[in-house]
Asker: 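Mind having a look at this structure? Questions to follow.
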Amino acid sequence: MNFLDSIWMIPLFPAAGAILMLLFGKKLPKAAVSVICPGTVLVSFLMSLGAVLQLARLSEHSYEKILYTWLPGGPFHLTNGQMGHLQADWGFLLDPLSSVMILVVTGVGFLIHVYSVGYMGHEAGYHRFFGYLNLFIFFMLTLVLANNYLLLFVGWEGVGLCSYLLIGFYFLRDSATKAGIKAFIVNRIGDAGFVLGVLLMLATFGSLRFTSVFGEVNRQVETGLLTSGDATVALMTLLLFIGATGKSAQIPLYVWLPDAMEGPTPVSALIHAATMVTAGVYMVARSNVLFSLSPQTMAMVAGVGALTAIFAATIGLAQYDIKRVLAYSTVSQLGYMFLACGVGAYGAGIFHLMTHAFFKALLFLGSGSVIHALSGEQDMRKMGALRHKIPVTFWTFFIASLAIIGAPPFAGFFSKDEILWKAFSAETHAGLLLWVVGFVTAGLTALYIWRLVFLTFFGQSRVDHEVEHHIHESPKTMTIPLMTLAVLSIVGGWVGWPRILGGSNRLETWLEPVFEHSSKLLAHEAEHGAAAQEYLFMFLSVAVGAFGVFIAWYFFIRRPEAADRIVQTVPGVQRLLYNKYYVDEVYNAVFVDGFAKGGGTALGRFDARIVDGGVNGSAWLTLLTSRLSIWWDTWVIDGAVRLSSFTVKVLSYPVRLLQTGLVQVYALFIVFGVLIFFSYYLIR
Amino acid sequence: MFNNHILSIVLFLPLAGAILLLFVPKEQKNLIRWLANLIALAGFVVSLPLAFWFDSSKDGFQFVEKAIWIPSIGANYALGIDGISLLLIMLTTLLGSIAILSSWTAIEDRVKEYYVFMLTLQSGMLGVFMALDFFLFYVFWEVMLVPMYFLIGIWGGPRKLYAAIKFFIYTLVGSVLMLLGILMLYFWNHTQTGIYTFDIPALQQLTMPTNIQIWVFLAFFVGFAIKVPMFPFHTWLPDAHVEAPTAGSVILAGVLLKMGTYGFLRFSLPMLPNASSDSRIVRAMIFLSIVAIIYGALVSLMQKDMKRLVAYSSVSHLGFCTLGLFALNPNGVAGSIIQQVNHGISTGALFLIVGLIYERRHTREISEFGGISTVMPVFATFFMIMMMSSLGLPTLNGFIGEFVILQGAFEESKVWAAFAVAGIILGAAYLLWLYQRTMFGTLNNPKNEKLKDLNFREVMTLVPLVIWAFWIGLYPKPFFKVLERPVANIIQRVRPDYYAAHPEAFGGPGASRTATPIPASPIAATAPAAIQTGTPATEGGR
């Protein structure tokens, strides 16, 4: 079978599953749901595997499949005066970068689907949950397989929708639906930047298709039309990066991700750790040709990444909710990935994206298993000494915790080490500073993760009494994915075994063609750093991890009272960290209550009083004029008429006295008249 | 006979139906309902051939019909459509039949009169989109007001009289000014050509000095801006919507508002190209559009009444439509028309949705609801889909329109696009917040516990709109195809320099004759020779 030509079908299976579940899921038996939904993802995984293997055999390692012209817009003027045509296809591109992504998405996605069969088994809305989950896989695959920015945006928004629906899955809980809205709207802010970036790209290069845009950029670079530091490209990449900060939870838009933990735990593992939140990293890596042209944005990406990494790690130190610790850890690890991209080590960023998907999914699923065992308890202060009661969960969690701190030869070791080394050897920016931040963060990571491990699995049990009786290991559907991910957390990094340790870094070689133009542009030869130096840095990053574990052990197992003492000496710091630097409160006051609600209320009043007031006022004026006219009409115009008639009436009054109409009276007047007449003549 | 007079048939079928209904005794409520629904459905079915027979590669108007009406003033009965009117007509016939279907149980009083008015209104609206004669257009434009006035005034809510009168007078003020503008065009055309005619294609060729164009533009502007409604002429809209019965709101939002934007497209832009592209006017129009987008969204956010919220969201959405129009480039204008259709679909559906809940609870106060999705899951699903359509989620219709408009706006000014994008963020905010407050959470108002989910008829009012929303979202090609020629011709008329450097981009059959891009209208070609004997067209006016 030609899997390459069928890549368009890869997203289709989960889509079919989603439609089936959302329309008819209620009528299906639970068993059918449990088979169909993971099944569709498995089929996608197998097809992806087939396609990737076939891709490897192609000479140029790139395959494009266009289904149809999706958006056939009209002509428009490019900024350079040329005429372009707005067009976007529903088309897919399989290249080394997207092949890594689809394998991670369908592979980890499948495992989490299986896990969910066990985890969500007792929940109402089982089919709805799986419908959303399948829908998510569809959009995520669309995102990573898209051959143009607009279709990428379809996936981008679609995964946002699924995230919103799944965070709010427990829609009876207010906090869950609020977290869902928060996620959607914060992401929308990022999306606004992304859309503007895409529009600027369209206006500059006349296309949204990856191959055309990057081909055009490379052509312009070769002909000298476009040089590093170009202002338009800087703005474009900056706007795209704003989109990435939304989706991948970086400063300043990271605030939605910790709240997103209101969703069921498999959702946190799949969407808010392993796949969706890495979309921003993927997008930056995909646009590497553009980003590499703009040292300004690159510095920004590296800086934001490093800052987010250390910022989130410090918050993670002080949280008690097991999932929140992991959420801040995710934010922090995503920061690492951006740090890598920012120094031009896109391959290392994608490598860390992959290993992170394994171990962070495992950490989340493990925490889910803990929560499941403790009948829903998430507060680490009510855990402890669980390692013998839920051994599979413990051991797999243990492996993941080693992987995340970069203990050799676990997956995280290779990717994190590569990032730190590349950060240091990047000559473009303040490499040493970036390395120091990354290095300190590595120590903090070890500290917060092992604090979590010690508080949860070691020490004294602080579990509530009635919960204690129900502690049980999770069913097979949950433990098998845990074990599979544990294996991946160990061996997953071996594809990137560095050359200096006798490996061949196959992943880097595989991704090479995607990033080759950037490497040319950046032209910093990271590889020629002294081998001795590289060994030293490798040792340092392992050592700082070990040190972090030691500190965690000392304060949470050996001398727990020492930890309390420290907290008491600097209570402000602990409160500041526990309250997440009060960023949520500030955002809420300024944007939600201030701008949106305040502005809305004020404008609503303005609308009712001033704008509509004007309309009603003119109506009132019309009425007033009408009343005045009536008055004028009655008293002046009609008054004049009536006055004239009145005058006539008054003047005619004496006459009227005579005009009685009685013949006798007239005869009397005649007689008087005759008498007066005669008297006149007689007297004269 | 059917293919020669298809427009007349589509136009008068609802009116004929209304007359038929007059002969049914008013006690036979169900018979009246069945008949009205059949007539409306038939109205939709006979309009379908228009979509199939329409040739999108042709310039000018199609299915043209013409008869002399009042020869002394040069008014004719002339009908014809292009791609723009085709889409709006299809929207009207579909929404019309949906609106009538949605009224089955909502209307219990004066059933017969209600359906007679609905069907008359339908004919009036179709006439506006079909008329190729300005006089005829004006007649339909005014005729349409009357049934709407009664629909709000008789079957409306507690402040129905206030709303109905406000609607009527406000619109009338606009139409009177528009009439002045029409007469200016009419007499100017006479001084130029010696012919008294209201023929729209002929008037579209008229050349007038810019300062006169601006006066006519302003007169038209008042008429159309009130209808759209553009900020600050919008305040009749929330009142009319809140008081109108559900079907009235659906038609009002879905079709009536489009007449304003249609007016700009059909008259202001092609007849007054210099005024329309005058930088002061463009800047003012864009400013009002952007204010409407952001202002409408912010005001929506804090509304307490669901219907009022959706009404203000219309102001915001129509802001996008006018923004696209006055970007004056192919994507802006095409996107604007697509977005007009989208708004008809999404907002029409949202009004239906609000109506469905109102019919059950007789209130639209948001605070009265909460947790409705537990008792009405089907309703919740439709609400969710249409909300996503309205806030522009890709794969649904709203996104296509918004993106293309934004592209058009961006081409002219990055700042415009940046402001408009802010509206998209707020659009998500007010809709999601509305949904959360009404549908999610625990159901703690005992009055909502017994609510019944949608029945088959109610589902059928929403299904066609959902299908259409996905169609435009996933495969908008047919819609862009029919708009390509009319839009290119409008742009060529308003901005002759747009295609100047790249005549091939103008495309279509007109590509070879870009010098005279607007082909002589089929009407002018077939018009009686008697009218054509006047002095030949000259630039005499200058």
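Predicted, not measured: the structure shown is a model, and the values here were computed from it. So you know, we letter chains A, B, ... as the sequences are listed, proteins then strands, and number each from 1.
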Asker: Would you check if B:Thr395 and A:Glu157 make a side-chain contact, meaning some heavy-atom pair closer than 4.5 Å?
Answerer: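 They are not in contact (no side-chain heavy atoms under 4.5 Å apart), so the answer is no.
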Asker: Who pairs with A:Ser207 by side chain to side chain donor-acceptor pair (under 3.5 Å), at least two apart in sequence or on another chain?
Answerer: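 Applying side chain to side chain donor-acceptor pair (under 3.5 Å) to A:Ser207 gives none.
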Asker: Would the number of heavy atoms belonging to other residues, nucleotides or ligands and lying under 6.0 Å from CZ of A:Phe171 be above 12?
Answerer: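 Buried by this count: over 12 neighbours within 6.0 Å.
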Asker: Does any backbone or side-chain atom of B:Pro377 lie under 4.5 Å from a heavy atom of chain A? Answer side chain, backbone, both or neither.
Answerer: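 Contact with chain A is through the side chain of B:Pro377 alone.
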Asker: Do B:Lys414 and A:Leu199 pass the side-chain contact (heavy atoms from CB on, under 4.5 Å) test, and can you show the C-alpha distance, the side-chain angles, and the key distance before you say yes or no?
Answerer: CA-CA 9 Å; B:Lys414 295 177 181 59; A:Leu199 289 172; over 6 Å; no
Asker: Would you mind telling me which of A:Val615, A:Val195, A:Ile610 has the largest number of heavy-atom pairs within less than 4.5 Å of chain B?
Answerer: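 Answer, by heavy-atom pair count under 4.5 Å with chain B: A:Val615.
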Asker: For the side chain of A:Trp70 and the backbone of B:Gly473, is there at least one donor-acceptor N/O pair under 3.5 Å apart?
Answerer: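 Checked: pair present.
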Asker: Please step through side-chain contact (heavy atoms from CB on, under 4.5 Å) for the pair A:Val611 and B:His234, ending with a clear verdict.
Answerer: CA-CA 9 Å; A:Val611 182; B:His234 62 275; 3.9 Å; yes
Asker: Select one option (side chain, backbone, both, neither) describing which atoms of B:Tyr435 are under 4.5 Å from chain A's heavy atoms.
Answerer: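 Contact with chain A: side chain only.
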Asker: In this structure, are over 12 heavy atoms from other groups packed under 6.0 Å from A:Phe24 atom CZ?
Answerer: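 Counting other residues, nucleotides and ligands, CZ of A:Phe24 stays at 12 neighbours or fewer.
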Asker: Please list, chain by chain and in numerical order, all residues satisfying side chain to side chain donor-acceptor pair (under 3.5 Å) with B:Thr438, sequence neighbours excluded.
Answerer: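 B:Thr438 satisfies side chain to side chain donor-acceptor pair (under 3.5 Å) with no other residue.
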Asker: When heavy-atom pairs shorter than 4.5 Å are enumerated against chain A, which of B:Met384, B:Gln303, B:Glu411 gives the highest number?
Answerer: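 Among B:Met384, B:Gln303, B:Glu411, the one with the most close pairs to chain A is B:Glu411.
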Asker: Please look at B:Gln407 and chain A and tell me whether the side chain, the backbone, both or neither of the residue comes under 4.5 angstrom of a heavy atom of that chain.
Answerer: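 Both parts, heavy atoms under 4.5 Å.
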Asker: Out of A:Val592, A:Thr69, A:Leu161, return the one with the most heavy atom pairs under 4.5 angstrom to chain B.
Answerer: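 Most heavy-atom pairs under 4.5 Å with chain B: A:Leu161.
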Asker: Nearest 0.5 Å please: distance from the CZ atom of B:Arg437 over to the OG1 atom of A:Thr177.
Answerer: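 Between atom CZ of B:Arg437 and atom OG1 of A:Thr177 there are 11.5 Å.
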Asker: Quick check: A:Phe153 with B:Phe403 (ring centres under 6.0 Å apart)?
Answerer: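 Judged by ring-centre distance (under 6.0 Å), B:Phe403 and A:Phe153 do not meet the cut-off.
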Asker: Go through the atoms of A:Ala192 and report whether side chain, backbone, both or neither lie under 4.5 Å from a heavy atom of chain B.
Answerer: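 Both backbone and side chain of A:Ala192 come within 4.5 Å of chain B.
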Asker: For chain A, find which of B:Leu301, B:Val404, B:Val378, B:Leu393 contributes the most heavy-atom pairs closer than 4.5 angstrom.
Answerer: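 Sorted descending by pairs with chain A, the first entry is B:Leu393.
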Asker: With a 4.5 Å cut-off on heavy-atom pairs, point out which of A:Arg173, A:Gln82, A:Lys597, A:Lys26 contacts chain B the most.
Answerer: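 Winner by heavy-atom pair count: A:Lys597.
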Asker: Just checking heavy atoms, which of residues 420-433 of chain B are less than 4.5 Å from chain A?
Answerer: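 The stretch touches chain A at B:Val421, B:Ile424, B:Ile425, B:Leu426, B:Ala428, B:Ala429, B:Leu432, B:Trp433.
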Asker: Determine, stepwise, if the pair A:Leu202 / B:Phe410 fulfils side-chain contact (heavy atoms from CB on, under 4.5 Å).
Answerer: CA-CA 10 Å; A:Leu202 192 66; B:Phe410 193 89; over 6 Å; no
Asker: Tell me, side chain or backbone of B:Lys481 under 4.5 Å from chain A's heavy atoms, or both, or neither?
Answerer: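 Looking at B:Lys481, nothing touches chain A.
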Asker: Within this structure, what is the CG-OH distance for the pair B:Leu474 and A:Tyr68, rounded to the nearest 0.5 Å?
Answerer: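 Spacing of CG (B:Leu474) from OH (A:Tyr68) equals 5.0 Å.
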Asker: Heavy atoms only, distances under 4.5 angstrom: which of A:Leu165, A:Leu150, A:Val154, A:Leu22 has the most pairs with chain B? Name it, please.
Answerer: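 Answer, by heavy-atom pair count under 4.5 Å with chain B: A:Leu150.
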Asker: Quick check for you: among A:Ala88, A:Ala619, A:Gly74, which has the greatest number of heavy-atom pairs under 4.5 Å with chain B?
Answerer: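 Answer, by heavy-atom pair count under 4.5 Å with chain B: A:Gly74.
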Asker: Just so I know, are the side chains of B:Leu391 and A:Arg188 near enough to count as touching, which here means a heavy-atom distance under 4.5 Å?
Answerer: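 SC-SC contact between B:Leu391 and A:Arg188 confirmed.
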Asker: Of the backbone (N, CA, C, O) and the side chain (C-beta and beyond), which part of B:Leu443 lies under 4.5 Å from a heavy atom of chain A, both, or neither?
Answerer: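 Neither part, no heavy atoms under 4.5 Å.
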Asker: Considering heavy atoms only, which positions within residues 328-337 of chain B lie below 4.5 Å of chain A?
Answerer: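 Within residues 328-337 of chain B, the residues that come under 4.5 Å of chain A (heavy atoms only) are B:Pro330, B:Asn331.
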Asker: Given the options B:Ile338, B:Leu298, B:Ile169, which has more heavy-atom pairs under 4.5 Å with chain A than any of the others?
Answerer: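 Top option by heavy-atom pairs under 4.5 Å: B:Leu298.
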Asker: Hey, what do you get for CZ (B:Phe440) to CG (A:Leu172), rounding to the nearest 0.5 Å?
Answerer: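 The CG atom of A:Leu172 is 10.0 Å from CZ of B:Phe440, to the nearest 0.5 Å.
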Asker: Enter the distance from B:Gln436:CD to A:Tyr164:OH here, rounded to the nearest 0.5 Å.
Answerer: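 Spacing of CD (B:Gln436) from OH (A:Tyr164) equals 7.5 Å.
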Asker: Of the listed residues (B:Phe231, B:Phe479, B:Tyr295, B:Tyr312), which shares the most heavy-atom pairs with chain A below a 4.5 Å separation?
Answerer: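 The option with the most such pairs is B:Tyr295.
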Asker: Side chain, backbone, both or neither: which part of A:Trp156 has a heavy atom under 4.5 Å from chain B?
Answerer: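 Contact with chain B is absent: no heavy atom of A:Trp156 under 4.5 Å.
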Asker: For residues B:Tyr499 and A:Pro75, determine if any side-chain heavy atom of one lies less than 4.5 Å from a side-chain heavy atom of the other.
Answerer: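 A side-chain contact under 4.5 Å exists here.
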Asker: Spell out, as yes or no, whether a donor-acceptor pair under 3.5 Å connects the side chain of A:His77 to the backbone of B:Tyr498.
Answerer: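 Side chain of A:His77 to backbone of B:Tyr498: a pair is present.
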Asker: Can you tell which part of A:Phe139 gets under 4.5 Å to a heavy atom of chain B, answering side chain, backbone, both or neither?
Answerer: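 For A:Phe139, the side chain is the part near chain B, not the backbone.
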Asker: Start with the C-alpha distance between A:Leu71 and B:Phe399, add both sets of side-chain angles, then the distance that settles side-chain contact (heavy atoms from CB on, under 4.5 Å), and finish with yes or no.
Answerer: CA-CA 11 Å; A:Leu71 181 68; B:Phe399 172 69; over 6 Å; no
Asker: Are any non-hydrogen side-chain atoms of B:Val299 and A:Phe606 less than 4.5 angstrom apart?
Answerer: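 With C-beta onward as the side chain, the pair stays apart.
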Asker: Going from CG on A:Asp174 to OG1 on B:Thr442, what distance comes out if it is rounded to the nearest 0.5 angstrom?
Answerer: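 Answer for the CG-OG1 pair, A:Asp174 versus B:Thr442, is 6.5 Å.
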Asker: Given heavy-atom pairs under 4.5 angstrom as the criterion, report whether the side chain, backbone, both or neither of A:Asn616 touches chain B.
Answerer: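 The side chain, not the backbone.
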Asker: Kindly compute the distance separating CZ (B:Phe480) from CG (A:Leu86), expressed to the nearest 0.5 Å.
Answerer: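 Result: 7.5 Å between the selected atoms.
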Asker: Testing the basics here: between A:Gly600 and B:Met302, what is the closest heavy-atom pair and its distance to 0.1 Å?
Answerer: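 So the two residues come closest at C-CG, 3.5 Å.
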